[in-house]
Each structure stands twice: as structure tokens, then as C-alpha cells.
Amino acid sequence: MRCAVFASGNGSNFQALLDRKSSGDLPHADFVLMVGNNSKAGAFERARSNGIATLHIAPSHFLTEEAYAERLSSALKDAGVELIALAGYMKKLPPAIVAQYRNRILNIHPGLLPAFGGQGMYGSNVHKAVIEYGAKFSGVTVHFVDDEYDHGPVIKQKVVPVLDNDDAQSLAARVLEAEHECYWQAIEAVAAGRIKIEGRRVTFLKS
Ligand code: GRF
């Protein structure tokens, strides 16, 4: 499947996907486009140095959400994008795009949903909340995107411990490592058609 990666920041998840692609672990996904709202995002440089087309687009560039959605939709269509992977993307996708790519948009969240998710729960906010709550485990959730923040069906989760001396930074580093181990597996399974979706339940089929 032709895949677009949306990223707003450093893009370490994007890099991990590119590395897995190079080592042959992602035969069913081709990364053809990187989309970002922040032109300074490190993800742009990672795309360029891997010869991947980029699109800098933000809702603020448009007068209406409809105009933004139309431009984004036509760019995705022009690039033949079939699958979208959000990798640290800080903007909500327009409902028209979510509808167009139903069960074809994945997101990675640095926590175990449905806990510590929803609007405002991103980056270090998640890790601080986990530590303040006193949770003993955190982790990663890869899920399909629907119209609500951090809500679509869960594809894959990976648990990491919260240690007594953790701060948001040390927990973030442990979770990020798990993210890098997790995301490519979910993307490859979806791209290969190796999953079954029944209601909210996503199961992996044997290859
Ligand atoms: C990751 O923690 C991801 O779970 C979240 O945003 C962060 C992006 O990190 N959605 P990076 O830009 O991939 O390094």
C-alpha cells in the first residue's frame, strides 16, 4: 500500500519506519509522502534525505476547513495514498479525510488507551499524568483513527513499566523505544490485509 506519514515534530517514529522499510520488514507499505503542518519539523529533513515527497500544509493556510480538507484530499489522491500513518501529528484531521480513509488511518499514542488519552493528552502531558496517577504500567497504543481523539479500534498495544524514580522524560524515552518496536508491525499487518476488524475488535490473521 502507498502510505503517507503525517508528522509535526522530530519524526523518530517516521525514522523507525524508514529503517524497517530499509531492512525489509515492511514489504507491503511504501512510504510515498510525508505531510506536516510545521515546516521546521525534523520529519521533513528525514523525508528529504530518503527521497520521499513532502507536503507542508496547515489548516491556518486556508480560509475554511472545507478548503483545507479539499486540498489535503487532492494531494493524497495525486500521490495515490492508500494508507495514512500519523506519527506525532498534532492537528486533528478533517472529518472528510477520516471518512474517506475509514480504517486506513493509524495513529500511535504514547499511553495505554483508553486511559490517558483524549484532547490535550499528548507528549509529556501523557507521561506526567501517568506518573501523577501512580500507574505502575504505561505503554503504546496503535489504533485506527475515527472522529474522536484517541478513540478508534485498537490494533496493537505494548506495555512498559513505570519505575519508582521515573520522571516524564525517562518514561517518555522508555515508551518511545516501545513505539519504535510496535508501529511498523501494525502498519505492515494493515498494509498486507492481515487483520480482521469486527466492531472495535481488531485481530491479526496468520500469514
Ligand atoms: C510519539 O510519542 C507519538 O506517540 C506521539 O508523538 C510522539 C512523536 O514522536 N503521537 P516522534 O516525532 O516520532 O519522535
Side-chain angles (χ1 to χ4, degrees), residues 3-22 25-26 29 31 33-50 52 54-58 83-93 97-98 101 105-131 135 137-162 166-188 190:
C3 182
V5 175
F6 284 46
S8 301
N10 173 31
S12 74
N13 274 287
F14 180 33
Q15 186 63 53
L17 296 176
L18 295 172
D19 293 345
R20 287 290 178 172
K21 181 70 199 170
S22 307
D25 290 326
L26 270 161
F31 299 106
L33 183 67
M34 181 257 143
V35 179
N37 57 298
N38 164 17
S39 62
K40 295 193 177 67
F44 276 107
E45 194 41 50
R46 297 181 196 274
R48 282 185 213 111
S49 56
N50 283 275
I52 294 170
T54 59
L55 173 68
H56 175 218
I57 186 170
L83 190 69
I84 295 174
L86 305 183
Y89 186 62
M90 302 301 288
K91 294 283 169 199
K92 198 163 191 267
L93 287 179
I97 302 286
V98 175
Y101 283 89
I105 309 175
L106 289 75
N107 181 44
I108 187 157
H109 179 79
L112 294 174
L113 294 175
F116 307 109
Q119 192 162 14
M121 275 295 183
Y122 57 87
S124 62
N125 293 353
V126 176
H127 307 301
K128 277 184 202 145
V130 166
I131 291 168
F137 293 94
S138 187
V140 180
T141 304
V142 180
H143 64 95
F144 284 115
V145 170
D146 66 10
D147 291 324
E148 286 176 51
Y149 279 108
D150 299 330
H151 176 265
V154 172
I155 304 167
K156 198 169 174 65
Q157 290 186 306
K158 190 169 168 72
V159 176
V160 305
V162 179
D166 264 334
D167 58 15
Q169 218 180 339
S170 60
L171 180 57
R174 193 173 309 117
V175 170
L176 195 62
E177 205 174 302
E179 291 182 44
H180 297 167
E181 286 167 26
C182 216
Y183 208 8
W184 70 273
Q185 298 181 35
I187 292 173
E188 174 58 19
V190 173

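The chain is numbered in sequence order, starting from 1. Remember, it's 1-based here, ligands and their atoms both numbered in the order they're listed. If you're wondering where the values come from, they're calculated on a predicted model, not measured in any experiment.
Residues Ser8 and Asn37 have side chains that bring a donor and an acceptor to within less than 3.5 angstrom of each other. In this model, no donor atom of one side chain and acceptor atom of the other lie less than 3.5 Å apart for Ser22 and Asp19.
Summary of contacts: the protein heavy atom closest to atom 4 (O) of ligand 1 is Glu179 OE1, 2.6 Å. Among protein heavy atoms, atom 10 (N) of ligand 1 sits closest to Ile108 O, 3.0 Å. The protein atom (non-hydrogen) at minimum distance from atom 8 (C) of ligand 1 is Gly88 CA, 3.6 Å. Among all protein heavy atoms, the one lying closest to atom 14 (O) of ligand 1 is Ser12 OG, 2.6 Å. From the protein, the heavy atom lying nearest to atom 12 (O) of ligand 1 is Gly11 N, 2.8 Å. The nearest heavy-atom contact from the protein to atom 9 (O) of ligand 1 is Asn13 ND2, 3.9 Å.
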Do His180 and Ser12 pass the side-chain hydrogen bond (donor to acceptor under 3.5 Å, both in side chains) test, and can you show the C-alpha distance, the side-chain angles, and the key distance before you say yes or no?
CA-CA 8 Å; His180 297 167; Ser12 74; 2.9 Å; yes
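Taking a 4.0 Å cut-off on heavy atoms, Ala7 fails to register as neighbouring ligand 1.
A salt bridge between Arg174 and Glu177 is absent, with no side-chain N of the basic residue lying under 4.0 Å from a carboxylate O of the acidic one.
When Asp150, Thr141, Ile155 are each tested for a side-chain contact (heavy atoms from CB on, under 4.5 Å) with Asn107, only one passes: Asp150.
Remark: Lys21 is not positioned above the aromatic ring of Phe31, lacking an NZ or CZ atom under 6.0 angstrom from the ring centre and at most 45 degrees off the axis.
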